[in-house]
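Here's the structure, in C-alpha cells; my notes come after.
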Amino acid sequence: MSDSETPADGGPRDFIRDIIRADLAAGRMAAPVTRFPPEPNGYLHIGHAKSICLNFGIAREFGGRCHLRFDDTNPVKEEMEYINSIQADVRWLGFDWGEHLYFASDYFDRLYEWAEHLIHAGKAFVCDLSAEQMREYRGTLTEPGRESPHRGRSIDENLDLFRRMRAGEFPDGARVLRAKIDMASGNINMRDPVLYRILHARHPRTGDAWCIYPTYDFTHGQSDAIEQITHSICTLEFEDHRPLYDWLIENLPVPSTPHQYEFARLNITYTVLSKRRLIQLVTEGHVKGWDDPRLPTLSGYRRRGFPPAAIREFAARIGVSKSNATMEVAALEACARELLNRTALRRMAVLRPLKVVIENYPAGESETLDAVNNPEDEAAGVRAVPFSRELYIEREDFMEDPPKKFFRLAPGREVRLRYAYFVTCTEVIKDAAGQVVELRCTYDPATRGGNAPDGRKVKATLHWVSAAHALDAEVRLYDHLFARPDPGADGDVMDDLNPDSLEVLTGCKLEPALADAPKDYPVQFERLGYFTPDPDWTDAAPVFNRTATLRDAWAKAQARG
RNA sequence: UGGGGCGUGGCCAAGCGGUUAAGGCACCGGUUUUUGGUACCGGCAUUCGUAGGUUCGAAUCCUACCGCCCCAGCCA
C-alpha cells in the first residue's frame, strides 16, 4: 500500500468517503466513528436504510465503528415500541452496533450541566416570551429579528430561573432557555435558538425524572462529542444547522470535536417517505399496519419478501450525493429480482385456474415427474411433481381466438406443460354465459419430461398443477401504493392512493411441494414472479405475498399495443 | 428581498484542466433457452442548466444569468 492509499480503496466512492480518506491521510483520526441516530417516533423506512448502509458501511470499510443512538429528546412523540422495532430492523438489514447502543437521554445530566455552563459564560438566557411572541421576534427570512426583552438578564437570575424550570415550578411553554447568538443572522437557526423547553411528559426511558428537555440542536452535536464521533452524517435539511452545531461544540467543554456532513435524502417514485405520511397511512387505516407489504418500511419489505441484501445492494447502487434525487422504484425491484433469481426455489402455482382434462390420460391414475428446483443453482436439486388427467393452467395462458403474437394454448394448438408433456387443445367448453370453463386436450406420451423424440418444437411452455394434488391458497398481489410517480405533487397525497394496490386472490392452486415450504423462504412461481409466505399463513390456508413480478416481455408488448 | 444547497442521457451517478464523457436502472434491438424469465451480444449524451471569459486545451477555473430544493417548531 503506497502512502496515497487508505483502507477501502476498492470500496464504494462518494464525496463523504472521499472526505474520510482525506482525513485519514492527513492523520486527523485513526479510524472513522459514525452513528445512526433515529428518533424513536416511527418505524424505519428505506430512506433510513440509505443512512444505515452509509454509516455502518463506512465503519466496516475503514475499520472504524458505528453507534446506534436513539435521539430521544421529545417524550411526547417517542415510544418503546419504536425503540424495539428500530433495533430489530437494523439487525435485519444486516448491521451490528456491538456494544455501542446509546440514548441521547443517557446524556441528560451532562447536557444540563453544559446548559448551566453556557449561562455562566453569558451565552444563554431564560426567555419568557410565548411561542407566538417568539415567532414575531424572530423576524422573517428577509428581515432580521429583534432581541428578546429578557436577553439582558443577569447570570444569577438566569441560573435561578433555569433551575426552577428544572424543578418543575413552571408550566409547559412558560419559559425556555435560549442561546445568545445573533438575532440579525441571515441563518435563522442562529437567531438565539431554543436550547431547553419545559415538557411535563413521561419519557419512555427516563420516566418522570425530567420536566425540561433539550432540543435537537442542543443534543445532537454534544452527543456526537461524548461518543467521540468523527463524522456526523445527516441529511441536507440540517445543512443550515451546521453553524449552530459548530457554535455549541466551540463554546462548550466537550471531549471531542466532531464534524457534520450532509447528503441528499432518498426519494422513490410512486412512494412516500416522510414519517408524517407513513404514520398517517397507518393510523388512518389506508394500510394494515407498519409492516404492510405496500409500505416502504423495512418491516414492510421484510413481510413482502425483499431480501435485506437487495436493499443493501440498492443503497450501494444509488450512491451518495448532495443533489435532490428521486429513484425509480424499478431500480429497487431490479435489485430484488437479481438476488431472488439466484436464490429462490422454483415452484409451480396457478393463480387464476382454468381446468384442463387430458382425454387420453387414464382416469384415476397419476405419475410423478422431476422438476428442477433452481436452474441457476444445480445444488438445489430436483423435486417430484404429480401429473394426472385433470389439471389447472393459468386462464391467461389460453385464448380462443389468439392474436398472431400469442404463443400459448389455443384451439388445435400444441404447447408444452413444463417438465411434463406436450398437449394439444381439442375442445373448448363454455358455460351458459359463454365463459370458457374447461379445456379438453390430448397429450403425447412420447414427450414425457417435455421433449419430443421426433424433434418437433412448440412455441410455449406453460406452468400447471395437478387438480387432485393441488393445495388451495390465498395469494396477495401488490402494486404501487400510489397511483402516480409523484404522489401529492398537485394536491393531497392521500388523493393519489392507488385503489388497486392490493389484490387478494383465493382458490389459487399450488403444487404439493409448497405445503412444507419454510415459512420465510422466498420462492419463484414459474413464469409469474417471486413470492414469500405471509405470517397469516395457517396449515389450513397457505398465504403468499408477491414480492415482485418477473420481467414480462409479453405483457410489455401487449401494453405497447 | 435574507441565509444555505443543487443543476452531467428517461431515472440515479462517476468525473477534481488533456480519457472515445465510467457504471447501474429503464428503454430498443439480436443470440441462447423446457420460465415470452435468466444469461450473453449490440444500440442508447459530438455533449455536461444558459451565456460569456481564461487557456494550446474546460463538464472540470472565472463572471453573469436561469432553474430547482431547504430554512421563519418550545419537531427531528
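Lettering of chains follows the sequences in order, A, B, ..., and the numbering in each one begins at 1. On a predicted model such as this, the values are computed, not experimentally measured, just so you know. Just the heavy atoms: all of them, side chains too, but no hydrogens, waters or symmetry mates, feed the values below.
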Can you identify which nucleotide, out of [options], has its nearest atom closest to the [X] side chain?
| X | options | answer |
| --- | --- | --- |
| A:F407 | B:rC69, B:rG2, B:rG36 | B:rG36 |
| A:P375 | B:rC75, B:rG2, B:rG37 | B:rG37 |
| A:R418 | B:rU35, B:rA13, B:rG4 | B:rU35 |
| A:A553 | B:rC12, B:rG37, B:rC25 | B:rG37 |
| A:R346 | B:rC71, B:rC74, B:rU35 | B:rU35 |
| A:M134 | B:rC25, B:rC74, B:rA72 | B:rC74 |
| A:Y216 | B:rC12, B:rA76, B:rC75 | B:rA76 |
| A:D18 | B:rA76, B:rG15, B:rG7 | B:rG15 |
| A:A334 | B:rG36, B:rC25, B:rA13 | B:rC25 |
| A:E39 | B:rC6, B:rC74, B:rA76 | B:rA76 |

Please determine, by modelled atom types, if [X] and [Y] share a side-chain donor-acceptor pair under 3.5 angstrom.
| X | Y | result |
| --- | --- | --- |
| A:S185 | A:R191 | no |
| A:R416 | A:T447 | no |
| A:R418 | A:H463 | no |

Look at all strands and tell whether [X] reaches a base, only sugar-phosphate, or nothing, counting heavy atoms closer than 4.0 Å.
| X | value |
| --- | --- |
| A:T73 | sugar-phosphate |
| A:E376 | base |
| A:K405 | base |
| A:V194 | sugar-phosphate |
| A:D217 | nothing |
| A:L129 | base |
| A:R560 | sugar-phosphate |
| A:S130 | base |
| A:F525 | nothing |
| A:A131 | base |
| A:F238 | base |
| A:S323 | sugar-phosphate |
| A:V415 | nothing |
| A:R416 | base |

Pairing nucleotide - [N], Watson-Crick or G-U, each distance under 3.5 Å:
| N | value |
| --- | --- |
| B:rA64 | B:rU50 |
| B:rA39 | B:rU31 |
| B:rA21 | none |

Under 3.5 Å, is there any donor-acceptor pair linking the side chain of [X] to the base of [N]?
| X | N | value |
| --- | --- | --- |
| A:E338 | B:rG24 | no |
| A:E328 | B:rG10 | yes |
| A:D240 | B:rG3 | yes |
| A:Q524 | B:rU35 | yes |
| A:R342 | B:rU38 | no |
| A:R408 | B:rG36 | yes |

Specify the separation, in whole Å, of atom [atom1] of [X] and atom [atom2] of [N].
| X | N | atom1 | atom2 | answer |
| --- | --- | --- | --- | --- |
| A:R135 | B:rC75 | CZ | P | 12 Å |
| A:R337 | B:rA26 | CZ | C1' | 11 Å |
| A:I279 | B:rA76 | CD1 | C1' | 12 Å |
| A:L244 | B:rC71 | CG | P | 16 Å |
| A:N341 | B:rU33 | CG | C1' | 13 Å |
| A:F218 | B:rC74 | CZ | P | 16 Å |

When you compare [N] with [M], how far apart are their [atom1] atoms, in angstrom units rounded to a whole number?
| N | M | atom1 | result |
| --- | --- | --- | --- |
| B:rG23 | B:rC41 | P | 13 Å |
| B:rG37 | B:rG30 | P | 13 Å |
| B:rC6 | B:rG49 | C1' | 11 Å |
| B:rU32 | B:rU38 | C1' | 11 Å |
| B:rC71 | B:rC44 | C1' | 40 Å |
| B:rC25 | B:rG67 | C1' | 26 Å |
| B:rG15 | B:rC61 | C1' | 16 Å |
| B:rC68 | B:rC27 | P | 30 Å |

Practice prompt. Considering just the side-chain nitrogens and oxygens of A:R13, establish if one lies under 4.0 Å of OP1 or OP2 belonging to B:rA13.
Written response: no
Discussion item. For B:rC74 and A:R138 - does any side-chain N or O of the residue sit under 4.0 Å from the phosphate oxygens OP1/OP2?
Written reply: yes
Fill in: Pair A:Y102 + A:F70: ring centers closer than 6.0 Å
no
Worksheet item: Short question: side chain of A:H45, backbone of A:L273 - any donor-acceptor pair under 3.5 Å?
Response: yes
Discussion item. Which is more 5' along RNA chain B, the nucleotide nearest A:N374 or the one nearest A:T140? Just name the residue.
Written reply: A:N374
Fill in: First encountered from the 5' end of RNA chain B, between A:T461 and A:V320
A:V320
Within 45° of the ring axis of [Y] and under 6.0 Å from its six-membered ring centre, is that where the NZ or CZ of [X] lies?
| X | Y | answer |
| --- | --- | --- |
| A:R166 | A:Y112 | yes |
| A:R178 | A:F125 | no |
| A:R347 | A:F525 | no |

Practice prompt. Give the C-alpha distance, both sets of side-chain angles, the deciding distance and a yes or no for side-chain hydrogen bond (donor to acceptor under 3.5 Å, both in side chains) between A:N41 and A:E39.
Written response: CA-CA 6 Å; A:N41 68 342; A:E39 181 190 11; 2.9 Å; yes
Discussion item. Using a 5.5 Å cut-off between ring centres and planes within 30 degrees, is A:W554 stacked on the base of B:rG36?
Written reply: yes
Worksheet item: What form does the base of B:rG10 take, syn (within 90° of 0) or anti?
Response: anti
Practice prompt. Answer yes or no: is there a side-chain heavy-atom contact under 4.5 Å between A:P258 and A:I249?
Written response: yes
